Amino acid sequence: QFDTNYASGRSGMVHLFEWKWDDIAAECENFLGPNGFAGVQVSPVNENAVKDSRPWWERYQPISYKLVTRSGNEEQFASMTRRCNAVGVRIYVDVIFNHMAANGGTYGTGGSTASPSSKSYPGVPYSSLDFNPTCAISNYNDANQVRNCELVGLRDLNQGNSYVQEKIAEFLNHLIDLGVAGFRVDAAKHMWPADLGVIYGRLKNLNTDHGFSSGSKAYIVQEVIDMGGEAISKSEYTGLGAITEFRHSDSIGKAFRGKDQLRYLSNWGTAWGFAASDRSLVFVDNHDNQRGHGAGGADVLTYKVPKQYKMASAFMLAHPFGTPRVMSSFSFSDTDQGPPTTDGHNIASPSFNSDNSCSGGWVCEHRWRQIYNMVAFRNAVGSDAIQNWWDNGSNQIAFSRGSRGFVAFNNDNYDLNSSLQTGLPAGTYCDVISGTKNGSSCTGKTVTVGSDGRASIYLGNSEDDGVLAIHVNAKL
Ligand code: AAO
């Protein structure tokens with residue numbers, strides 16, 4: 001459960017937040033597969049409570065485990081996993097089994113009804129016997145309360161109950177049969193690690209018909225927000241799977257917002273309080289903290305601060321630490337606002353511009369050249385270690401990944417203009433941030449590396465992007 005099950009030579013998971021299954025299938029074939037992406041985290045797949053204003057968060061209020069949501073039905077889901085796996089892109093599902101819908105969630109996207117006030121969800125079925133007693137979480141210093149009471153009024157399932165364990169395992173195994181590669185376990189912090197261990201222990205191996213090697217286990221990443229100072233620590237979960245490393249999001253945001261000098265990033269990793277690399281799912285922002293939910297606060301970078309966001313994303317993708325996940329958003333002004341729709345209810349498909357970017361209300365950070373070209377960088381450098389670290393003593397830094405890739409950042413208010421050791425073989429390279437290699441030419445800046453591995457690197461502080469990146473697959 002620690003292995004992402006990525007196809008070899010690929011990296012980079014993208015969270016296609018609120019996308020429809022048919023659109024994701026097409027995206028795997030047309031964009032993610034060809035550009036080296038390894039996986040997609042999809043929005044919750046099971047039936048959720050329908051809320052009048054159709055906020056994005058209605059999907060975090062389960063009504064049943066039927067696979068019917070605004071993203072599509074079971075047939076569409078199954079077709080998506082098949083089409084994505086066929087082009088080497090894995091699917092990870094956001095699964096919610098800490099709780100069921102809160103009061104007011106009386107009918108679901110799949111036609112089931114429920115009575116949350118009496119803890120009755122006939123679509124599963126669950127009855128009041130399957131839930132913890134009603135109480136609210138107000139004190140994160142009390143582990144019993146965090147795990148046995150209700151998160152924002154969501155009816156709290158008792159995962160210690162064997163019937164509940166069975167229903168959850170059935171739901172997850174159904175998804176494994178349909179070809180998924182793993183799960184993001186929502187609100188894992190609100191469940192007892194021992195109960196999660198029992199549930200994970202009931203999971204089947206991944207479906208070999210979908211190209212997984214026999215004996216493969218689902219990758220599990222548990223949503224555990226641990227910024228320190230609370231009763232529950234991520235280390236209680238890292239023996240069971242990976243965790244969402246929120247400190248990464250917080251620290252990278254502070255650094256690229258200029259609240260921490262970039263030179264301090266030289267020991268980026270566990271020295272910053274992060275979990276071990278293979279247990280850390282890392283991200284610049286997520287669907288919660290980009291809109292003020294969850295944790296991370298004001299320092300989180302989002303698509304709304306594009307220059308710093310691209311720099312932070314490039315750093316995350318260039319650095320070997322963790323399993324990076326790229327956020328792909330819809331644009332919003334109101335933090336409750338749901339995805340773009342055609343009629344207030346049905347989710348609209350994204351449309352694409354000639355430069356690969358999206359329109360129609362979809363931001364598609366994963367289609368920003370500076371981001372997808374860094375996924376290609378990550379694939380090009382493989383497991384090569386960081387070498388040739390350089391900094392100017394403040395906010396200009398550079399490093400190589402062995403002799404396969406080199407990246408430089410300038411977050412100072414003056415130009416970077418230095419001769420630096422790139423570690424790369426002599427030649428002319430295309431900077432994959434300002435442009436793309438196109439046959440034997442480059443649409444952006446070029447960098448000439450001498451026979452001693454050095455190159456003169458220029459990054460003006462008023463340039464569109466504060467990063468420059470070259471790698472062996474972008475040699476001209
Ligand atoms: C909606 C309405 C509610 C209503 C409810 C029921 O908004 O007003 O009461 O329905 O009718 C999402 C939305 C919720 C939404 C819910 C259900 O975010 O607004 O409620 O769907 O529709 C905690 C959890 C964490 C959770 C996060 C949002 O620990 O698991 O809150 N994230 C997941 C999902 C999320 C989803 C759910 C869970 C529920 O990703 O999308 O909710 O399925 C501290 C704690 C954290 C805690 C935060 C927020 O964080 O450590 O564990 O997260 O507080 O309460 C600093 C600290 C940091 C602290 C933070 C905030 O950053 O360092 O530790 O401040 O104080």
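Note that the structure is predicted; figures quoted are calculated from it, not measured. Start at 1 and go down the list; that is how both ligands and their atoms are numbered.
What you find for F321 and A275 is that their closest heavy atoms are CZ-O, 3.1 Å. What you find for D285 and Y309 is that their closest heavy atoms are OD1-OH, 2.6 Å.
Remark: the D226 side chain and the Y237 side chain contain no N/O donor-acceptor pair separated by less than 3.5 Å.
Residue R291 does not touch ligand 1, judged by heavy-atom distances below 4.0 Å. Contacts of D186 with ligand 1, taken as heavy-atom pairs under 4.0 Å, involve the side chain alone. Contacts of F97 with ligand 1, taken as heavy-atom pairs under 4.0 Å, are absent altogether. Contacts of D250 with ligand 1, taken as heavy-atom pairs under 4.0 Å, are absent altogether.
Comparing heavy-atom distances from atom 50 (O) of ligand 1 across A298, P55, A295 singles out A295 as nearest. Of the candidates D288, T335, V300, L151, the one placing a heavy atom closest to atom 35 (C) of ligand 1 is D288. The heavy atom nearest to atom 54 (O) of ligand 1, considering only W57, Y140, Y60, is found in Y140. Closest heavy-atom approach to atom 17 (C) of ligand 1 among the candidates Q222, H99, E150, Q61: Q61. Nearest-residue assignment for atom 27 (C) of ligand 1 (options P44, G105, G294; heavy-atom criterion): G294. Closest heavy-atom approach to atom 18 (O) of ligand 1 among the candidates H293, E223, M227: H293.
Counting protein heavy atoms under 4.0 angstrom from atom 9 (O) of ligand 1 gives one or more. Under the 4.0 Å distance rule, the nearest protein heavy atom to atom 65 (O) of ligand 1 falls outside the cut-off.
Close contacts of ligand 1 with W56, meaning ligand atoms under 4.0 Å from a residue heavy atom, involve 12 (C), 13 (C), 18 (O), 41 (O). Close approach of ligand 1 to K189 is summarised as follows: ligand atoms under 4.0 Å from at least one heavy atom of the residue are 45 (C), 46 (C), 51 (O), 52 (O). With ligand atoms numbered from 1 in the order given, ligand 1 contributes 46 (C), 51 (O), 52 (O), 53 (O) to contacts under 4.0 Å with heavy atoms of I225. Interface atoms of ligand 1 facing V152, defined by a heavy-atom separation under 4.0 Å, are 4 (C), 5 (C), 6 (C), 9 (O), 20 (O). Atoms of ligand 1 lying under 4.0 Å from any heavy atom of E230, numbered from 1 in the order shown and given with element: 44 (C), 45 (C), 51 (O), 64 (O).
The shortest side-chain heavy-atom distance between Y303 and K310 does not fall under the 4.5 Å cut-off.
Remark: the backbone N or O of A314 is not paired with any side-chain donor or acceptor of Q370 at under 3.5 angstrom. In this structure, the side chain of E245 engages the main chain of R247 through a donor-acceptor pair within 3.5 Å. The main-chain N or O of S127 is never found under 3.5 Å from a side-chain atom of K119 such that the two would form a donor-acceptor pair.
Atom CD of Q76 sits about 11.0 Å away from atom CD1 of I24, to the nearest 0.5 Å. Distance check: F17 CZ to Q41 CD gives 10.0 Å after rounding to the nearest 0.5 Å. Atom OH of Y264 is separated from atom OG of S251 by 14.0 Å, given to the nearest 0.5 angstrom.
By the neighbour-count criterion of 12 heavy atoms within 6.0 Å, atom CG of D52 is sparsely surrounded, having that number or fewer from other residues, nucleotides or ligands.
In this structure, the protein non-hydrogen atom closest to atom 62 (O) of ligand 1 is G296 N, 3.4 Å. Among all protein heavy atoms, the one lying closest to atom 24 (C) of ligand 1 is H190 NE2, 3.2 Å.
The shell of residues lying under 4.0 angstrom from ligand 1, judged by heavy atoms, excludes R59. Residue H287 places a heavy atom less than 4.0 Å from ligand 1. At least one heavy atom of R184 lies less than 4.0 angstrom from ligand 1.
Looking at E27 and R83, no side-chain N of the basic residue comes within less than 4.0 Å of a carboxylate O on the acidic one, giving no salt bridge. Under a 4.0 Å N-O distance rule, the pair D299/K259 qualifies as a salt bridge. Using a cutoff of 4.0 Å between basic side-chain nitrogens and carboxylate oxygens, R59 and E18 are scored as salt-bridged.
Taking distance alone, with nitrogen or oxygen atoms compared against 3.5 Å, N103 stays at or beyond that limit from ligand 1. At under 3.5 Å, not a single nitrogen or oxygen of E58, backbone or side chain, sits near a nitrogen or oxygen of ligand 1. Backbone and side-chain nitrogen or oxygen atoms of A102 are examined, and none is located within less than 3.5 angstrom of a nitrogen or oxygen of ligand 1.
Taking the six-membered ring for Trp, Y60 and H287 have ring centres closer than 6.0 Å.
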